[in-house]
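What follows is a set of notes on a single structure, which appears directly below.
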Amino acid sequence: MRMANRSDVGRIRMVNEDSAAVVPDCQGYSLAIVADGMGGHKAGDIASQMAIEKMQEYLVRSLRPGASSEECGEWIKQAVYEANRSIFEAASRTVEYSGMGTTAIVTLADRNRLILGHIGDSRAYLLSNGQLRQLTEDHSLVNMLIKSGQITPEEAEQHPRRNILTRALGTDEEVDVDIIQAAWAEGDVVLVCTDGLSGAVPKEELRLVLNSEGDLDEKANQLVNKALEAGGDDNITVVLMANESNHSEGAR
């Protein structure tokens, strides 16, 4: 397994409210977590950091090698619940943190399986056989409007309320998390990113970068640079996971 991780504050924001963690070997799995915080001054970065730390701590102590996909999904759920409780309690205790929250994507991978937990509008994509497929579904107002036929995907890109989430981690005492299972094979690549990338760079451009020559670090840098070239008006975080054996080209 190969992994790469890049984050950039962007061209407009003063604080990077994104957080990410990559653990190449976590009890026999590869683990990637991405969170995009929101809230008042500094509260967003506090929320995303708390989410990453709490979920990583829970999974490191709970995961067991060779578990079923259902067991992995349950561990991810419990990690999300624990993080949600911690963020909600911190926001309730401290005025400056009131209303803070974060998106979250947790990705567990072994050589054959992907198990993801997802809340918010950060995204996970799977590149397989040269084709890029979005694994997650945005928990956002504009996605609800698209699904109900009230606006088109093209209209959603410019919608004035495109940043409104319908579900986030830490904003309510209880939270609902999507658990997604997918198969993957050698040569496949997973892209996990915040909307600083997915909202700025079209899916076809993401696919072209992921299919290009170069190692994972170069591709992660290219993706961040494309978001910056598109305006960089949000924080940008990219995690790449490649299903490669240790002798494959592109090793870090």
Side-chain angles (χ1 to χ4, degrees), residues 3 5 7 17-23 26-39 43-64 67-93 97-110 113-126 134-140 143-144 164-182 190-195 198 235 237 239 241:
M3 305 179 77
N5 175 23
S7 191
E17 295 185 322
D18 291 355
S19 296
V22 295
V23 185
C26 182
Q27 309 292 0
Y29 307 89
S30 292
L31 169 65
I33 313 175
V34 167
D36 179 357
M38 59 189 189
D45 64 322
I46 296 294
S48 65
Q49 288 168 16
M50 285 184 67
I52 296 290
E53 290 168 4
K54 293 294 181 181
M55 289 188 284
Q56 184 174 335
E57 287 171 6
Y58 183 89
L59 291 169
V60 166
R61 71 173 183 264
S62 301
L63 288 172
R64 298 291 179 271
S68 68
S69 297
E70 289 70 25
E71 288 174 310
C72 290
E74 192 58 37
W75 284 323
I76 290 173
K77 275 188 182 179
Q78 294 305 318
V80 170
Y81 295 158
E82 190 164 298
N84 186 75
R85 183 167 54 251
S86 296
I87 297 167
F88 182 79
E89 289 174 355
S92 301
R93 289 194 306 266
Y97 298 162
S98 178
M100 73 176 178
T102 182
T103 71
I105 296 186
V106 184
T107 306
L108 276 182
D110 60 20
R113 301 174 299 167
L114 298 166
I115 306 99
L116 299 90
H118 165 59
I119 297 171
D121 65 352
S122 296
R123 292 182 179 177
Y125 298 87
L126 174 63
Q134 186 176 330
L135 296 175
T136 54
E137 181 177 310
D138 293 352
H139 301 136
S140 65
N143 193 46
M144 286 181 60
I164 302 297
L165 299 181
T166 56
R167 203 190 304 179
L169 189 68
T171 55
D172 294 293
E173 195 166 4
E174 296 185 356
V175 69
D176 190 19
V177 54
D178 290 353
I179 299 296
I180 301 148
Q181 298 180 18
V190 171
L191 162 63
V192 186
C193 64
T194 58
D195 65 338
S198 60
N235 307 144
T237 296
V239 172
M241 307 173 72

State the [atom1]-[atom2] distance between [X] and [Y], to the nearest 0.5 angstrom.
X: Asp110; Y: Ile115; atom1: CG; atom2: CD1; answer: 6.0 Å
X: Asn235; Y: Ser48; atom1: CG; atom2: OG; answer: 8.5 Å
X: Met50; Y: Leu169; atom1: CE; atom2: CG; answer: 9.5 Å
X: Asp178; Y: Leu116; atom1: CG; atom2: CG; answer: 10.5 Å
X: Leu63; Y: Leu108; atom1: CG; atom2: CG; answer: 5.5 Å
X: Leu135; Y: Leu126; atom1: CG; atom2: CG; answer: 5.5 Å

Treating [X] as the side-chain partner and [Y] as the backbone partner, does any N or O pair qualify as donor plus acceptor under 3.5 Å?
X: Thr136; Y: Arg123; value: no
X: Thr102; Y: Asp36; value: yes
X: Tyr29; Y: Arg64; value: yes
X: Arg93; Y: Ala91; value: no

Before accepting this row, confirm whether a basic side-chain N of the pair Glu89/Lys54 lies closer than 4.0 Å to the acidic partner's carboxylate O.
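The answer is no: the pair does not qualify as a salt bridge.
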Could you walk me through whether Leu59 and Val106 pass side chain to side chain contact (heavy atoms under 4.5 Å, CB included), step by step?
CA-CA 10 Å; Leu59 291 169; Val106 184; 3.7 Å; yes
Measure across [X] and [Y] and return the closest heavy-atom pair with its distance rounded to 0.1 Å.
X: Val80; Y: Met55; answer: CG2-SD, 3.8 Å
X: Leu31; Y: Gln56; answer: CD2-CG, 4.4 Å
X: Ala109; Y: Met241; answer: CB-CE, 3.8 Å
X: Ile87; Y: Gly170; answer: CG2-CA, 3.7 Å
X: Ser198; Y: Tyr125; answer: CB-OH, 3.7 Å
X: Thr237; Y: Ala20; answer: CG2-CB, 3.9 Å

Passes side chain to side chain contact (heavy atoms under 4.5 Å, CB included), Glu74 versus Glu71? Steps please.
CA-CA 5 Å; Glu74 192 58 37; Glu71 288 174 310; 5.7 Å; no
Do Asp18 and Ser7 get their side chains close enough for a donor-acceptor pair, meaning under 3.5 Å?
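Ser7 and Asp18 do not have a side-chain donor-acceptor pair below 3.5 Å.
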Hey, are His139 and Asp176 close enough side-chain-wise for a donor-acceptor pair under 3.5 Å?
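Judged by distance alone, the side chains do not pair up.
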Side chain to side chain donor-acceptor pair (under 3.5 Å), that's the test. Do Ser140 and Asp121 meet it? Break it down for me.
CA-CA 6 Å; Ser140 65; Asp121 65 352; 5.8 Å; no
Full working for side chain to side chain donor-acceptor pair (under 3.5 Å) between Gln78 and Glu82:
CA-CA 6 Å; Gln78 294 305 318; Glu82 190 164 298; over 6 Å; no
